[in-house]
Amino acid sequence: MALAARTRAVLLVVALAVLGLSTGGVAQLKNGFYTGKCGANDVETIVQGLVKARVARDAAIVAQLLRLQFHECAVNGCDAGLLVDGPSSEKTAKPNLSVKGYDLIAAIKMELEKRCPGVVSCSDIEILATRDAVALAGGQRYAVRTGRRDRRRSSATDVKLPGEEDTAAQAASYFGSLGFTELEIVVLLGAHTVGVTHCSKIKKTRLYSYGGKPNSTDPSLDPSDAAVYKKFVCPNMASSDNNILYLDTQSSVSRIDNSYYKRLQGRHGVLSIDQNLYANGASTKRHVDNLANNIIDFSSLFPKALIKLSELKVLTGTQGEVRKVCSRFN
């Protein structure tokens, strides 16, 4: 009896230890983590002020920060690995070559280092800056827990991200591996409401060689959109590769709203991964309809999805480090 009791006790301790390893980092995050840790300075107010100034002169930073957070947190968690310079760092992986917003994160870090050196992590700055950008673009303001630490690893070989041509099933498989539900996946992709892409991303796959067939156009793309793209925006010549395409209506591209889903209903999705959410037979189609028709509220679900993303595999406590400069390890 005594041996059995001791065995159960040991198993309980092991189980609790395993749970601690898997959830301990998140458990140590807290609202207002930096309160009182930067002298008389309010860290979150400083971040908000710098983001607000940037958004006022460059609305594109909203989409850039959202993309940066996703590319950051989907690879090894929200650990600032994407910010590191180096010949084989995450930043050099092909999916990350077009990521922007690094300069704003660096500017915020520089300002905070002047006020309280070695206190605020680069990974927390990324999450706070994105939160503030979303609110400034008309999204719902939300609280984020802080206390993340920066990982001492950044490798291009770790970068595995979904592609622009993924089907709904492929997107569900990828995001599902990160712990997201099907609805949360559709909500996260709603970040494309402020997004842009370039002609090079759709010319071959949707406009001129769909399915590998020359002169074939993706039938899921609205024919009038395809005609406009071919004639005016993305003619079949190399010089059009970098021309910009808005992923939402141009009048809405600076606002966080649900118009992106309405465009999918009309077959106006620019990237295949977007329009595939509304493909016939796709289990995600009902979620697009519900979000477009306000049956479920995108404005409240989007912050929740971003919060969940921001807490993936975080380092806390004495793990990792707080970098002095975001682009290199201490």
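This structure is a prediction, so every number in the text was calculated from the model and none was measured.
Remark: Lys201 NZ is loosely packed, at most 12 non-hydrogen atoms of other residues, nucleotides or ligands lying under 6.0 Å away. Residue-environment remark: NZ (Lys313) stays at or below the threshold of 12 foreign heavy atoms within 6.0 Å. Heavy-atom neighbours of Arg141 CZ from other residues, nucleotides or ligands within 6.0 Å: above the threshold of 12. Within a 6.0 Å sphere centred on NZ of Lys37, heavy atoms belonging to other residues, nucleotides or ligands number more than 12.
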Verdict with reasoning, Lys52 to Asp132, per salt bridge (Lys or Arg N to Asp or Glu O under 4.0 Å): CA-CA 8 Å; Lys52 184 176 181 179; Asp132 293 333; over 6 Å; no
Should Ser98 and Arg67 be marked as a side chain to side chain donor-acceptor pair (under 3.5 Å) after you check the CA-CA gap, both sets of side-chain angles, and the distance that decides it? CA-CA 10 Å; Ser98 57; Arg67 187 163 184 247; 3.0 Å; yes
Between Arg323 and Asn330, does a side chain to side chain donor-acceptor pair (under 3.5 Å) hold up when you go through it step by step? CA-CA 6 Å; Arg323 289 186 209 142; Asn330 291 344; over 6 Å; no
Begin from the C-alpha positions of Arg54 and Asp103 and carry the test salt bridge (Lys or Arg N to Asp or Glu O under 4.0 Å) through to its verdict. CA-CA 11 Å; Arg54 177 61 174 270; Asp103 59 324; 3.1 Å; yes
Apply ring-ring contact (aromatic ring centres under 6.0 Å, His included) to the pair Phe70 and Phe175, showing each step before the final yes or no. CA-CA 11 Å; Phe70 174 70; Phe175 285 96; 5.4 Å; yes
Between Val99 and Leu82, is a side-chain contact (heavy atoms from CB on, under 4.5 Å) present by the stated rule, with each step listed? CA-CA 10 Å; Val99 172; Leu82 179 55; 4.3 Å; yes
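The two residues Phe298 and Pro303 make their nearest non-hydrogen contact at O-CD, 4.4 Å. Pairing each heavy atom of Val26 with each of Val314, the nearest pair is N-CG2, 3.8 Å. Across every non-hydrogen atom of Ser240 and Val233, the tightest pair is CB-O, 3.9 Å. Shortest non-hydrogen contact noted between Leu65 and Ala129 is CD1-O, 3.7 Å. Here the shortest heavy-atom pairing between Lys109 and Val325 reads CE-N, 4.5 Å.
Rounding to the nearest 0.5 Å gives a distance of 5.0 Å between CZ of Phe180 and CG of Leu188. Remark: Cys38 SG to Leu112 CG distance equals 6.0 Å, nearest 0.5 Å. Between the CZ atom of Arg151 and the SG atom of Cys78 there is a distance of 10.0 Å, given to the nearest 0.5 Å. To the nearest 0.5 Å, atom CD of residue Gln69 and atom CG of residue Leu128 are 10.0 Å apart. Summarising the geometry, atom CZ belonging to Arg263 is positioned 14.5 Å from atom OH belonging to Tyr278; distances are rounded to the nearest 0.5 Å.
Taking the charged nitrogens against the carboxylate oxygens, Glu113 and Lys324 have no contact shorter than 4.0 Å, which rules out a salt bridge. The pair Asp218-Arg267 does not meet the salt-bridge criterion, since no charged nitrogen lies less than 4.0 angstrom from a carboxylate oxygen. The residues Arg149 and Glu321 are annotated as not salt-bridged, no charged nitrogen and carboxylate oxygen being separated by less than 4.0 angstrom.
Taking hydrophobic clusters as Ile, Leu, Val, Met, Phe, Trp and Tyr residues chained together by side-chain heavy-atom distances below 4.5 Å, Tyr260 does not share a cluster with Val270. Residues Leu247 and Phe232 fall within the same hydrophobic cluster, defined by Ile, Leu, Val, Met, Phe, Trp and Tyr side chains chained together at heavy-atom separations under 4.5 Å. Put simply, Leu315 and Val75 are part of two different groups of oily side chains (I, L, V, M, F, W, Y) that touch within less than 4.5 Å, one to the next. Placement of Tyr246 and Ile61 in two distinct hydrophobic clusters is found when ILVMFWY residues are connected by side-chain heavy-atom separations under 4.5 Å, directly or transitively. One hydrophobic cluster holds both Val144 and Ile108 under the rule that ILVMFWY side chains link at heavy-atom gaps under 4.5 Å.
Ser327 and Lys91 share no side-chain donor-acceptor pair at under 3.5 Å. No hydrogens or angles considered: a donor-acceptor pair under 3.5 Å links the side chains of Glu182 and Ser283. Inspection of the Thr146 and Asp124 side chains reveals no N or O donor paired with an N or O acceptor under 3.5 Å. Side-chain polar atoms of Ser123 and Asp79 form no donor-acceptor pair below 3.5 angstrom. Side-chain contact of Asn31 with Arg145: a donor-acceptor pair under 3.5 Å is absent, judged by distance alone. With hydrogens and angles left out, the side-chain atoms of Asn293 and Lys262 include no donor and acceptor closer than 3.5 Å. Using a 3.5 Å distance cut-off with no hydrogens or angles, the side chains of Gln265 and Asp289 do pair a donor with an acceptor. Looking only at atom types and distance, the side chain of Asp42 has no donor-acceptor partner in the side chain of Tyr34 under 3.5 Å away. Judged by distance alone, the side chains of Ser200 and Asn242 never bring a donor and an acceptor atom under 3.5 Å apart. There is a side-chain donor-acceptor pair under 3.5 Å between Ser300 and Asp297. Using modelled atom types, one finds no donor on one side chain facing an acceptor on the other under 3.5 Å when comparing Asp166 with Asn276.
Tyr229 and Tyr208 have their aromatic ring centers separated by at least 6.0 angstrom.
The cationic atom of Lys304 (NZ for Lys, CZ for Arg) does not lie both less than 6.0 Å from the six-membered ring centre of Tyr142 and within 45° of the ring axis.
Using a 4.5 Å cut-off on side-chain heavy atoms (C-beta onward), Leu66 and Leu306 make contact. The shortest distance between side-chain heavy atoms of Asn96 and Val159 falls below 4.5 Å. Proximity of Glu72 to Leu83: side-chain heavy atoms (C-beta onward) are separated by under 4.5 Å at one or more points. Contact of the Lys230 side chain with the Asn236 side chain is not registered, since no non-hydrogen atoms from C-beta on lie closer than 4.5 Å.
In this structure, Thr130 contributes its side chain and Ile127 its backbone to no donor-acceptor pair below 3.5 Å.
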